[in-house]
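These notes are about the structure you will find just below.
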Amino acid sequence: MSEISVLLPDGSSRALPAGSSIADLAASIGSRLAKAAVAGTVNGAEVDLTVPLFDGATVSIITADSDAGRHVLRHSTAHVLAQAVVQLFDGAHFTIGPAIEDGFYYDFALPNNKTFSDDDLAAIEKRMREIMKANQPFTRSEVSVKEALAVFATQPYKCEIIERVTSGAADGSDVAEVGSSDSVSLYRNSDSFVDLCRGPHVPSTSRLGHFSLMKVAGAYWRGNEKGPMLQRIYGTAWESDTALKEHLHRLEEATKRDHRRLANELDLLSFPTELGGGLAVWHPKGAIVRKLMEDYSRQRHQDGDYQFVYTPHLANANLFAKSGHLDFYADGMYPPMEMDNGTYYMKPMNCPMHCLIFDSRQRSYRELPLRLFELGNVYRYERAGTLHGLLRIRGFTQDDSHIYCTEEQMADEISSLLDFIMSVLRRFGFNDFEFNLSTRNPEKSVGSDEIWEKATEALREALDRHGVEYKIKEGDAAFYGPKIDIDVRDAIGRKWQLSTIQCDFNLPERFELEYIGSDGARHRPIMLHRALFGSIERFFGVLIEHYAGAFPSWLSPEQVRVLPVALAHDEYAQSVVKQLKKAGFRVDIDHADEQLGKRIRNAKTSKVPYVLVVGDDDIAHQSVGVNPRGGEVERDVSVADFITRLAAEVAEGQLGDIDVS
RNA sequence: GCCGGGUUAGCUCAGUGGUAGAGCAACGCACUUGUAAUGCGUAGGUCGUGGGUUCAAUCCCCACACCCGGCUCCA
């Protein structure tokens, strides 16, 4: 019997009978591996477990509990979803169904523009489980384009995909479905169901099952809002029931820290219907946190040689015509107000006004870099369906700065900005940063090749100088210049885009900004836009979710709550409150008209960092019982001691306990 | 803006073609309590807004506002 030898990822080689597959290889290594294997790679390409191996191949086994393995499970589950829908809904057209983070989706078009209901979802899930129980093998085949078009004669979307791929017009999503060669690969898992797919897939439907259909939503075909609206079914799928349960549990935890829910529960702010969509009012407790955020921001900007400016909320339309924003973004601005002396708009950004300040007198190179800073209120008419609590809002406040500098100063300025940004974000408990460099989109940009090259290089240099890793987002820049975006990860690992540094070659041009150089000649400055929080509102929303509402003591609206054990201790409690207030803390008293346990509970659910309980012993010793959020009770702490400790914690910006449960 | 689902007491939510209920919160009384829910009682709602169908609408239909989940968009 002839043998072949294959190379494994650890560098070892393994002999197998000729004709062996990856499944055979896995079985020869161990039964657990065989059970966990869902696909493999041969010379780097992902393939099905059943593919026969050849002598000298480099082979790896993809197991269900790896990222690649889960991807295969999810994609295969998506196929079964399509199969179930096609079986249950006569005349349904199926389109594409990729694996995504944590799961998969599949897009369908139902006859007569029908839509799926929750009951439908339950029925579909039931059918999927039947298909999985039936243990149908996924069988791959390659057919010609002509044959494929015949197979999918009743599926117009599939035909469109096939035609796009073969005509070379395909994009990434098409290729994932089909592959990109002259032939088309199909996966058939019963006589009644076949789908276009590049694969790989699990060997049979019985390998699936730890999944759940999550929700149904509308989605445009090809993401084109002028195209047809399809019905998208989202699901999640995992390698085990345990993993599935953990995922569902994570979703529940994320719901608990939803900033809209917590903002309401903690009485921070609200979105009154009477105000209109996307507009918030800040209640006293939210306003305290906001003020602390703003105070901190102002202090840091003052230390960083920024100059503070103020500009109005309204401007004559001429200003936005000059800046070019009216041409590009009129739809996203609140409608114009016609006045006696012209047309006015709410400002959707502060930059044009800062340019006016720069241009208000002649500028010297000696003034550069000139850093103008404003907590600027702007209004953008975000489309109704896009509003999302504080994260997408119509009236908001940017911690906005525009820095005017020379080309030579650009790299240093950007580099120190990166330090500045990270230092500020760390104060708010963010330590995990990701950087993205967005480069020019040649189809949609202003400015010379030379200046784009220079600016992109300056951004790149600043990133390199910090030794941080970054992703390039090709063509993702604004039309006026390249940018760096900074994402942070929160306490439960979710990613948020917060800060941005953008180069702008457009506004200095349009406003004809100039400074006098050391050579006595006029030069055009480079303009940098940058925001650290992005918007105060959005940042606050992210902070609420990051801390799950349990703000660190320096930010907490109520830092201490004092509870007298009984009425007799009220006077002493008041004196403790007085001392704490004198020390500058935000403190409340909760009188003894309810049981102590109840009042402790109330304080805990309000997420107050420190509960102080005072009774007879404390009056005798001038002490307090300290019950810290997320910590152990400590009795007989002297008031002076507690003040010293809390003062140190607040001053050092100790970030308290981040609830990562 | 598009596709779905919603809007009932301060909050979280039940419910019905014959004008409504729970828990928590509020208020009152009793209890005076040493570390996460004391007991009893009281009050509180034009059932999002405006039309329509009906003898009768919180419930069915239409429009609008706002919210939620997605899509698209995000200077």
Check whether A:Y381 forms a cation-pi arrangement with A:R394 (NZ or CZ under 6.0 Å from the six-membered ring centre, at most 45° off the ring normal).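 Yes, A:R394 sits over the ring of A:Y381.
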
[atom1]/[X] to [atom2]/[Y] distance, rounded to the nearest 0.5 angstrom?
X      : Y      : atom1 : atom2 : result
A:M349 : A:H402 : CE    : NE2   : 9.0 Å
A:I96  : A:R222 : CD1   : CZ    : 7.5 Å
A:D618 : A:Y572 : CG    : OH    : 5.5 Å
A:I501 : A:I484 : CD1   : CD1   : 5.0 Å

When we call it a touch if two heavy atoms are under 4.0 Å apart, what does [X] touch: a base, just sugar-phosphate, or nothing?
X      : result
A:D331 : nothing
A:G332 : base
A:G615 : base
A:F479 : nothing
A:K604 : base

Given the rule in the side-chain contact (heavy atoms from CB on, under 4.5 Å) test, do A:E558 and A:V587 qualify, once you have shown the distances and angles that lead to the verdict? CA-CA 6 Å; A:E558 181 183 354; A:V587 49; over 6 Å; no

Let me know the distance between [atom1] of [X] and [atom2] of [N], rounded to the nearest Å.
X      : N     : atom1 : atom2 : answer
A:I100 : B:G69 : CD1   : P     : 16 Å
A:Y105 : B:G4  : OH    : C1'   : 17 Å
A:Y329 : B:C74 : OH    : P     : 8 Å
A:R261 : B:G69 : CZ    : P     : 13 Å
A:L567 : B:A30 : CG    : P     : 12 Å
A:D617 : B:U33 : CG    : C1'   : 14 Å
A:F505 : B:A75 : CZ    : C1'   : 16 Å
A:H325 : B:C74 : NE2   : P     : 14 Å

Using 30° and 60° as the class limits, which term best fits the ring planes of A:H388 and A:H259: parallel, tilted or perpendicular?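 Geometry flag for A:H259 against A:H388: tilted rings.
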
Report the relative orientation of the aromatic rings in A:Y157 and A:W221; use parallel for angles under 30°, tilted for 30 to 60°, perpendicular for over 60°.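 If you compare the ring of A:Y157 with that of A:W221, the planes turn out perpendicular.
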
Scan nucleotides 8-13 of chain B against the protein and return all N/O pairs shorter than 3.5 Å with their distances rounded to 0.1 Å.
| from | atom 1 | to | atom 2 | distance (Å) |
| --- | --- | --- | --- | --- |
| B:C11 | O3' | A:N264 | ND2 | 3.2 |

If you restrict it to nitrogen or oxygen atoms, what contacts under 3.5 Å exist between nucleotides 62-66 of chain B and the protein, and what is each distance?
| from | atom 1 | to | atom 2 | distance (Å) |
| --- | --- | --- | --- | --- |
| B:C66 | OP1 | A:G277 | N | 3.3 |
| B:C66 | O2' | A:T273 | OG1 | 3.4 |

Side-chain donor or acceptor of A:T236 paired with backbone N/O of A:D102 under 3.5 Å: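 Checked: pair present.
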
So which protein nitrogen or oxygen atoms get under 3.5 Å of nucleotides 22-25 of chain B's nitrogens or oxygens?
| from | atom 1 | to | atom 2 | distance (Å) |
| --- | --- | --- | --- | --- |
| B:A25 | OP1 | A:K598 | NZ | 2.7 |

Taking atom [atom1] in both [N] and [M], what distance in whole Å separates the two?
N     : M     : atom1 : value
B:U42 : B:A25 : C1'   : 14 Å
B:A20 : B:G44 : C1'   : 13 Å
B:U12 : B:A65 : C1'   : 23 Å
B:C71 : B:G10 : P     : 35 Å
B:G21 : B:C3  : P     : 39 Å
B:U58 : B:C13 : C1'   : 16 Å
B:A26 : B:C62 : C1'   : 39 Å
B:A9  : B:G23 : C1'   : 12 Å

Output the residues of residues 345-358 of chain A in contact with RNA chain B, where contact means a heavy atom of the residue under 4.0 Å from an atom of the strand; sort by number or write none.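 A:P348, A:M349, in order of number.
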
When you get a sec, tell me which of B:U32, B:G34, B:C3 is the closest nucleotide to the side chain of A:Q231?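 Between B:U32, B:G34, B:C3, the one nearest the side chain of A:Q231 would be B:C3.
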
Kindly point out which of B:C68, B:G70, B:U35 is positioned nearest to the side chain of A:R260?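 Taking heavy atoms from C-beta onward, the closest nucleotide is B:C68.
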
For a quick check under 3.5 Å, do [X] and [Y] share a side-chain donor-acceptor pair by atom type?
X      : Y      : answer
A:R510 : A:N506 : yes
A:N350 : A:D400 : yes
A:S556 : A:K607 : no

Can you name the one residue among A:F540, A:F396, A:F539 that meets side-chain contact (heavy atoms from CB on, under 4.5 Å) with A:L390?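 So, applying the side-chain contact (heavy atoms from CB on, under 4.5 Å) to A:L390 and each of A:F540, A:F396, A:F539, only A:F540 qualifies.
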
Does B:G69 have OP1 or OP2 under 4.0 Å away from a side-chain N or O of A:H388?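 Indeed, a polar side-chain atom of A:H388 lies that close.
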
Can you check whether A:K215 has a side-chain N or O nearer than 4.0 Å to OP1 or OP2 of B:G70?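 Answer is yes, contact under 4.0 Å.
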
For Watson-Crick and G-U wobble pairs within 3.5 Å on both distances, what is RNA chain B written in dot-bracket notation, | included for inter-strand pairing? (((((((..((((....[..)))).(((((.......))))).....(((((..]....))))))))))))....

5′-ward residue of the pair A:R601/A:L596 relative to RNA chain B: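 Upstream on the strand: A:L596.
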
If you find the nucleotide of RNA chain B closest to A:L230 and the one closest to A:G625, which residue's nucleotide is nearer the 5' end?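 The residue whose closest nucleotide sits nearer the 5' end is A:L230.
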
Is the A:Y105 to A:Y234 ring centre distance short of 6.0 Å?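 Ring centroids of A:Y105 and A:Y234 are less than 6.0 Å from each other.
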
Between A:F108 and A:F89, does the ring centre distance come in under 6.0 Å?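 Ring-ring flag for A:F108/A:F89: false, centres at least 6.0 Å apart.
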
So which protein N/O to nucleotides 71-73 of chain B N/O distances come out below 3.5 Å?
| from | atom 1 | to | atom 2 | distance (Å) |
| --- | --- | --- | --- | --- |
| B:C71 | O4' | A:G218 | O | 3.1 |
| B:C71 | O2' | A:Y220 | N | 3.0 |
| B:C71 | N4 | A:G385 | O | 3.3 |
| B:U72 | O2' | A:E225 | OE2 | 3.0 |
| B:C73 | O2 | A:R392 | NH2 | 2.6 |
| B:C73 | N3 | A:R392 | NH1 | 3.0 |
| B:C73 | N3 | A:R392 | NH2 | 3.4 |

Run the salt-bridge test on A:D588 and A:R561 with the 4.0 Å N-O cut-off and return the result as yes or no.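 So A:D588 does not pair with A:R561 through a salt bridge.
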
Less than 3.5 Å between a donor and an acceptor, one on the side chain of A:D616 and one on the base of B:G34, is that the case here?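 Check fails, no donor-acceptor contact within cut-off.
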
